[in-house]
Protein chains: 2
Amino acid sequence: MTVSRSTRQRDVISRLLEEAPGPLAVGDIHERARAELPRLGIATVYRTLKLLTEQRRIHPVLLDGETLYEATGKGHHHHFSCTRCGKVFTLHTCPVALPSGTVYPGGFIVEAHEVTLYGQCPTCAEGQGV
Amino acid sequence: MTVSRSTRQRDVISRLLEEAPGPLAVGDIHERARAELPRLGIATVYRTLKLLTEQRRIHPVLLDGETLYEATGKGHHHHFSCTRCGKVFTLHTCPVALPSGTVYPGGFIVEAHEVTLYGQCPTCAEGQGV
DNA sequence: TTCTTTGCAAAAGGTTTGCAGATGA
DNA sequence: TCATCTGCAAACCTTTTGCAAAGAA
């Protein structure tokens, strides 16, 4: 097994994800990281995301047909996708009560769940104000 | 505006989606439709799905990184993705109470929501039975 | 007949891989 | 030093588009 080294590229990408208020798209990550690493190639971004995912430091979130990435270890949470600005936020309140093992109508045994809410984020709701 | 004609390809594809118990992947649709239309090209499948989507007769469901399609007009519902067999089912019971307009903690105005449950479908739960 | 639709193949968009030079330990 | 990592470009895979022939009305 190869040993994973610490590099400037990996540090920048994982820091970006740690500090983001919600999951980020690959293109976003590439663009933001380029502010610090102008020559950063997209292949490195993909390879780093794959590595961090294997290390369980981040994980993919498939939303609106896009693959977004977010840091792990932020506890049980869901997402809010703003229909105005397109940004995705992390919600720390869960709207469902479905402990693992719950038997759902129809005989489906629930192990996990995902909830995504759509609507207007606080900023857009204010800007478009009544 | 061009007039949309009725063709064998379109009939077969929309019938498949109407009769399915859950959303289908593009590859699945192509494969199943080929049983009746051996020369059916993948481009026609994509064009038909796009057309039916514009007509609001079907709509895409983005699940597990795949784009699935399902017929519309089946009321408010959610999906259950079986972690054993991979099939996706439609659930007619909704586990959340979030009417449009609800203000979620943090100031997010909810317009819609999507819920996906993961676990074992009745068939797999039985097969693997205790 | 006339205009739309189809199948095929080429193109496009996003992700992955091969490789030689750069880099971390 | 020397195996790992990076940037670049080519390869891949899924989806879209161009075009001539087939089909609907």
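In what follows, chains carry the letters A, B, and so on, assigned in the order in which the sequence lines appear, proteins first and then strands, with residues in each chain numbered from 1. Here the structure is a predicted model, which is why all the values come from computation and not from measurement.
- A straight line from CG of A:Leu68 to C1' of C:dG14 spans 14 Å, rounded to a whole angstrom.
- The distance between atom CZ of A:Arg47 and atom C1' of C:dT23, rounded to the nearest whole Å, is 14 Å.
- One can place CD of B:Gln9 at 11 Å from P of C:dC8, the figure rounded to the nearest angstrom.
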Check the interface with nucleotides 22-25 of chain D: list each N/O to N/O pair with the protein under 3.5 Å, or write none.
residue, atom, partner, partner atom, Å
D:dG23, N2, B:Arg5, NH1, 2.4
D:dA24, N3, B:Arg5, NH1, 3.0

| query | Does the pair A:Arg15 and A:Glu36 meet the rule for a salt bridge (Lys or Arg N to Asp or Glu O under 4.0 Å), with working shown? | reply | CA-CA 12 Å; A:Arg15 179 164 45 69; A:Glu36 291 180 60; 2.9 Å; yes

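- Rounded to an integer number of Å, the gap from B:Arg34 CZ to C:dT6 C1' is 13 Å.
- Pairs passing the side chain to side chain donor-acceptor pair (under 3.5 Å) check and including a residue from residues 26-35 of chain B, sequence neighbours excluded, read B:His30-B:Arg34.
- Going from atom CG of A:Leu62 over to atom C1' of D:dT14 covers 15 Å, rounded to whole Å.
- Remark: side-chain polar atoms of B:Thr116 are not paired, donor with acceptor, to backbone N or O of A:Glu114 under 3.5 angstrom.
- In this model, no donor atom of one side chain and acceptor atom of the other lie less than 3.5 Å apart for A:Gln120 and A:Thr83.
- Between the side chains of A:Thr48 and A:Gln9, no donor-acceptor pair of N or O atoms lies under 3.5 Å.
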Quick test: give all pairs of protein nitrogen or oxygen and nucleotides 10-12 of chain D nitrogen or oxygen below 3.5 Å, distance rounded to 0.1 Å.
none

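- The closest donor-acceptor contact from the side chain of A:Tyr104 to the backbone of B:Thr93 lies under 3.5 Å.
- If you check every strand for non-hydrogen atoms under 4.0 Å, B:Leu40 touches sugar and phosphate atoms only.
- Between A:His30 atom NE2 and D:dT6 atom P there is a gap of 12 Å when expressed in whole angstrom units.
- When only modelled atom types and interatomic distance are considered, A:Glu70 and A:His77 share a side-chain donor-acceptor pair under 3.5 Å.
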| query | Which is it for A:Phe89 and B:Phe108 under the ring-ring contact (aromatic ring centres under 6.0 Å, His included) test, yes or no, and what are the steps along the way? | reply | CA-CA 10 Å; A:Phe89 302 82; B:Phe108 296 91; 5.4 Å; yes

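- Checked against C:dG7, C:dT5, D:dG7, the side chain of B:Arg39 finds its nearest nucleotide in C:dG7.
- One interatomic measurement links the two molecules: CG of B:Leu51 to C1' of D:dT17, which rounds to 16 Å at whole-angstrom precision.
- If you measure from atom CG of B:Leu52 to atom P of C:dT5, you get 12 Å, rounded to the nearest angstrom.
- Taking 3.5 Å as the limit, the base of C:dG24 and the side chain of A:Arg10 contain no donor-acceptor pair of atoms between them.
- Ring pair A:His92/A:His76: centre-to-centre distance not below 6.0 Å.
- Checking B:Thr67 against A:Gly41, the closest nucleotide of DNA chain D that is more toward the 5' end is the one next to A:Gly41.
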